[in-house]
Amino acid sequence: MPKIKVYEVITKLELGGAQLSTLEFVQSLDKEVYDISLLTSRGGELLPDASSIKGVKIVLMPSLRREINLLFDCKTLLLMYLLFKKEKPHIVHTHSSKAGILGRWSARLAGIRSIVHTVHGWEFHEYQNKLKRR
């Protein structure tokens with residue numbers, strides 16, 4: 001029986017609750033059932049930990065950045081779309097705000113039917129600039 005292809009998407013593997021939770025989740029998935037890829041940006045203290053998880057393919061996307069940047073964000077959206085269109089994962093599971101927005105949009109555009117987002121916290125607050133919050 002073929003494995004279920006899953007893409008986990010998180011902005012950056014820096015030290016934090018969302019990142020630790022994502023790595024724990026990825027590590028706990030049955031590698032006999034799931035073909036797991038973890039898409040993230042370069043760097044982050046937890047990248048070596050992620051790379052050491054057996055049966056998980058790490059996909060680095062340097063254009064995926066936490067800061068809002070129209071050029072990098074559009075590039076990332078296009079690259080994720082092309083990747084998902086080619087790889088045809090059964091499930092795209094996103095974590096964190098930026099990865100959640102770009103990952104879900106690109107997955108939807110690529111025709112992925114199962115798209116899941118886990119909220120680990122809120123990045124947007126009333127004290128922020130209204131344009132940035134939007």
Might you confirm whether atom CG of Leu70 has over 12 heavy atoms from other residues, nucleotides or ligands at distances under 6.0 Å? no

Which value, rounded to the nearest 0.5 Å, describes the distance between Leu38 atom CG and Leu13 atom CG? 5.5 Å

I'd like to check Arg108 versus Ile115 (side-chain heavy atoms, cut-off strictly below 4.5 Å). Are they in contact? yes

In terms of hydrophobic clustering (I, L, V, M, F, W, Y; side-chain heavy atoms under 4.5 Å; direct or indirect links), are Ile101 and Leu83 co-clustered? yes

Not counting sequence neighbours, which residues clear ring pair (Phe, Tyr, Trp, His ring centres under 6.0 Å) with His95? List them please. His93, His120

Between atom OG of Ser96 and atom CD1 of Ile10, what is the distance when rounded to the nearest 0.5 Å? 5.0 Å

Could you pull out the closest heavy-atom pair between Pro89 and Ile112, with the gap in Å? O-CD1, 3.5 Å

CG-CG distance between Leu60 and Leu47, expressed to the nearest 0.5 angstrom: 6.0 Å

May I ask whether Ile4 and Val26 are part of the same hydrophobic cluster, defined by side-chain heavy atoms of I, L, V, M, F, W, Y residues being less than 4.5 angstrom apart, directly or through others? yes

Please tell me if the side chains of Val56 and Ile58 come closer than 4.5 Å, counting only heavy atoms from C-beta onward. yes

Residue pairs, two or more places apart or on separate chains, that pass salt bridge (Lys or Arg N to Asp or Glu O under 4.0 Å) and touch residues 6-15: Glu14-Arg66

Who are the salt bridge (charged side-chain N to carboxylate O under 4.0 Å, His left out) partners of Lys85, not counting sequence neighbours? none

Mind checking what makes side chain to side chain donor-acceptor pair (under 3.5 Å) contact with Thr94, not counting sequence neighbours? His117

Can you list every ring pair (Phe, Tyr, Trp, His ring centres under 6.0 Å) pair that touches residues 56-85, not counting sequence neighbours? Tyr7-Phe84

Donor-acceptor pair, side chain of Thr76 and main chain of Ser63, under 3.5 angstrom: yes

Quick check on the hydrophobic clustering: are Phe25 and Val119 connected, directly or via other members, by side-chain heavy-atom contacts under 4.5 Å? no

All pairs passing side-chain hydrogen bond (donor to acceptor under 3.5 Å, both in side chains) where residues 47-59 contributes a residue, at least two apart: none

Quick one: closest heavy-atom pair of Met80 and Gly103, and the distance? SD-CA, 3.6 Å

Applied to residues 38-66, the ring pair (Phe, Tyr, Trp, His ring centres under 6.0 Å) test, sequence neighbours excluded, yields none

Among the clusters formed by ILVMFWY side chains lying less than 4.5 Å apart, do Leu109 and Val92 turn up in the same one? no

Under the rule for salt bridge (charged side-chain N to carboxylate O under 4.0 Å, His left out), what residues qualify as partners of Glu87, not counting sequence neighbours? Lys5

If we ignore hydrogens and angles and just use 3.5 Å, is the side chain of Arg104 paired with the main-chain N or O of Gly100 as donor and acceptor? yes

With rounding to the nearest 0.5 Å, note down the distance linking CD1 in Ile53 to CD1 in Ile36. 8.5 Å

Test: ring pair (Phe, Tyr, Trp, His ring centres under 6.0 Å). Region: residues 42-68. Which pairs qualify, not counting sequence neighbours? none

Identified side chain to side chain contact (heavy atoms under 4.5 Å, CB included) partner of Lys75 from the options Leu78, Leu71, Leu79: Leu79

Scan residues 27-47 for pairs that pass side-chain hydrogen bond (donor to acceptor under 3.5 Å, both in side chains), counting only residues two or more places apart or in two chains. none

Check for me, please, whether Val9 and Leu23 land in the same ILVMFWY cluster - side-chain distances under 4.5 Å, paths through other members count. no

Kindly compute the distance separating CG (Leu15) from CG (Leu20), expressed to the nearest 0.5 Å. 5.5 Å

Apply side-chain contact (heavy atoms from CB on, under 4.5 Å) to Lys98 and list each qualifying residue two or more places apart in sequence or on a separate chain. Thr11, Leu64, Asp73, Leu102

